[in-house]
Amino acid sequence: MKYRELGRTGWKVSEISFGAWAIGGAWGNVDDQESLAALHAALDGGVNFFDTADVYGDGHSERLLAKLKKERQETFYITTKAGRRLPQQTPGGYSRENLTAWVERSLRNLETDVIDLLQLHCPHPDVYYRPEVFGILDDLAKAGKIRYYGVSVEKVEEALKAIEFPGVQTVQIIFNIFRQRPRELFFPEAKRRKVGILARVPLASGMLSGKFTRDSKFEKDDHRHFNRHGAAFDRGETFAGVDYETGLRAVEKLKLLAPKNATPAQLALRWILEFPAVTCAIPGAKRPAQVAENIAASDLKPMSRAALKKIDVIYNTDIKPLVHQYW
Ligand SMILES: NC(=O)c1ccc[n+]([C@@H]2O[C@H](COP(=O)([O-])OP(=O)(O)OC[C@H]3O[C@@H](n4cnc5c(N)ncnc54)[C@H](OP(=O)(O)O)[C@@H]3O)[C@@H](O)[C@H]2O)c1
């Protein structure tokens, strides 16, 4: 495992880290024993950074991470998110009272006195025009409730606006072979300001692993079943906003580019690591075998210019018109 500096925090985090949404909920059936085994496998493989949120399984994901902390001795970082407990996303919802209550709840779930990194969880875009919200986060840091803060965003424009606030250490954004716009304007600007980038949905909800077919079935409580058209949250969070059939066709072409010693999932993760502005990819995983496969992407050789070019061609022809200007 290789490590990269996270913003101006002074932390070095694993370039393949762990996304803990699926082990909380909204991804069909999960088994806590298996989820915990996946978390242990991540630590065994050198992962030292875990991304969760107060709403993943209504706190279940945070509580599993608290359990992991009790079962292991080594130092690792947990970042959680706040804001999605609001019944509706309104800028006014990001009040001192609400933010404080969400932070206190996460502290209890995580069984800790201080949150390593708190991210606003895809808030209403007007939040980025309310400096007082970032003032509240500064106060929470001064009070010792959080060490650092960052944001998770849907759109590049939100990311660019967010990093105008000097306290923002990290931006979490969808970045994968199917979602390439962040590399254009946002990456150079984030790098210039030393803002860490957490690349989420790196496998396009598992699509880029190449395991799905036209006949794949998803359980009713799996967002890949219920959120394909954005019924519950932004449609871009499911298969990165690419419609299922188009995704399958593009993945068939991508599979041919995986080197002999690598799987399509590893190719997808290695591609993300080619961008030095990215601090880490945070693939979700439900099982230890998935974790082992994902973290091994850090040991792969850098990709050839020719392979990168071929991926650009697939993106430009098959995917770009469907997603590029939406997020
Ligand atoms: N708004 C936000 O802030 C937000 C939104 C989305 C995600 N996130 C964060 O980003 C993380 C990653 O995104 P994501 O979990 O949505 O999507 P993802 O990482 O692209 O996909 C994860 C899913 O792909 C499957 N998978 C993982 N490794 C695999 C492998 N090696 N081979 C085959 N299948 C594999 C697993 O599901 P199955 O085994 O069921 O197929 C897993 O749950 C989340 O866990 C969360 O921490 C944040």
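Every number for a ligand or one of its atoms is a count from 1 in the order of the listing. All values below were derived from every heavy atom in this structure, side-chain atoms included, with hydrogens, water molecules and symmetry-related copies excluded. A quick note: this is a predicted structure, and the numbers were derived from the prediction, not measured.
- Below 3.5 Å of separation, one finds an N or O of G19 facing an N or O of ligand 1.
- If you check each of E154, E219, R200 against atom 8 (N) of ligand 1, the one with the closest non-hydrogen atom is R200.
- From the protein, the heavy atom lying nearest to atom 37 (O) of ligand 1 is R224 NH1, 3.7 Å.
- For atom 30 (C) of ligand 1, the closest non-hydrogen atom of the protein is N294 OD1, 3.8 Å.
- With ligand atoms numbered from 1 in the order given, ligand 1 contributes 43 (O) to contacts under 4.0 Å with heavy atoms of A22.
- Side-chain contact check for E71 and H40: at least one donor-acceptor pair (N or O, by modelled atom type) lies under 3.5 Å.
- Under a hydrophobic-cluster definition in which Ile, Leu, Val, Met, Phe, Trp and Tyr are linked whenever side-chain heavy atoms come within less than 4.5 Å, directly or via other members, L6 and I272 are assigned to different clusters.
- R179 forms a cation-pi arrangement with W327, by the criterion of a distance under 6.0 Å to the ring centre and an angle within 45° of the ring axis.
- A search for side chain to side chain donor-acceptor pair (under 3.5 Å) contacts involving K320 returns nothing, not counting sequence neighbours.
- Taking all heavy atoms of K286, Q172, Q119 into account, the minimum distance to atom 48 (C) of ligand 1 is reached by Q172.
- The single protein non-hydrogen atom nearest to atom 34 (N) of ligand 1 is K211 NZ, 2.9 Å, given as residue, atom name and distance.
- Among pairs with a residue in residues 9-21, those fulfilling salt bridge (Lys or Arg N to Asp or Glu O under 4.0 Å) read R4-E15, at least two apart in sequence or across chains.
- On a distance-only criterion, L203 and ligand 1 share at least one N/O pair closer than 3.5 Å.
- When the side chains of ILVMFWY residues are joined at heavy-atom separations under 4.5 Å, either directly or via intervening members, I174 and I177 end up in two distinct hydrophobic clusters.
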Worksheet item: Which is it for H124 and L86 under the side-chain contact (heavy atoms from CB on, under 4.5 Å) test, yes or no, and what are the steps along the way?
Response: CA-CA 11 Å; H124 190 290; L86 286 172; over 6 Å; no

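- For the residue pair D32/H60, the side-chain donor-acceptor check at 3.5 Å is satisfied.
- Ring pair F175/W271: centre-to-centre distance below 6.0 Å.
- Considering each of A285, G28, G284, A292, the one bringing a non-hydrogen atom nearest atom 27 (C) of ligand 1 is G284.
- Judged purely by atom type and a 3.5 angstrom limit, R235 has no side-chain atom pairing as donor or acceptor with the backbone of A231.
- The protein heavy-atom contact nearest to atom 12 (C) of ligand 1 is I282 O, 2.9 Å.
- Geometrically, R130 does not engage Y94 in a cation-pi contact, judged by NZ or CZ lying under 6.0 Å from the ring centre and within 45° of the ring axis.
- For atom 14 (P) of ligand 1, the closest non-hydrogen atom on the protein side is W27 CZ2, 3.7 Å.
- Closest heavy-atom approach to atom 18 (P) of ligand 1 among the candidates A296, S205, G83: S205.
- Numbered from 1 in the order shown, with element, the atoms of ligand 1 that lie under 4.0 Å from a heavy atom of H121 read 1 (N), 2 (C), 3 (O).
- The shortest contact between atom 35 (C) of ligand 1 and any protein heavy atom is with Q290 NE2, 3.4 Å.
- Of the protein's heavy atoms, W21 CB, 3.6 Å lies nearest to atom 44 (C) of ligand 1.
- Those atoms of ligand 1 with a heavy atom of D51 less than 4.0 angstrom away are 9 (C), 46 (C), 47 (O).
- Set against the non-hydrogen atoms of P283, the atoms of ligand 1 under 4.0 Å away are 19 (O).
- Counting heavy atoms only, S209 comes closest to atom 33 (C) of ligand 1 of the residues S209, C122, S152.
- Close N/O approach between R287 and ligand 1 is found [any backbone or side-chain N/O within under 3.5 Å].
- Proximity of R84 to ligand 1 is not established, as no heavy-atom distance is less than 4.0 Å.
- For ligand 1, the polar-atom distance check against V201 finds a nitrogen or oxygen pair separated by under 3.5 Å.
- Just one residue in the list Y77, Y56, W21, F18 forms a ring-ring contact (aromatic ring centres under 6.0 Å, His included) with F50, and that residue is F18.
- Within the 4.0 Å heavy-atom shell around ligand 1 one does not find F18.
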Fill in: Test side-chain contact (heavy atoms from CB on, under 4.5 Å) applied to L117 and F49, step by step
CA-CA 10 Å; L117 173 74; F49 187 73; 4.0 Å; yes

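- Applying the 4.0 Å criterion to heavy atoms of A20 picks out, from ligand 1, the atoms 45 (O), 47 (O).
- In terms of protein heavy atoms, atom 6 (C) of ligand 1 is closest to E237 OE1, 3.2 Å.
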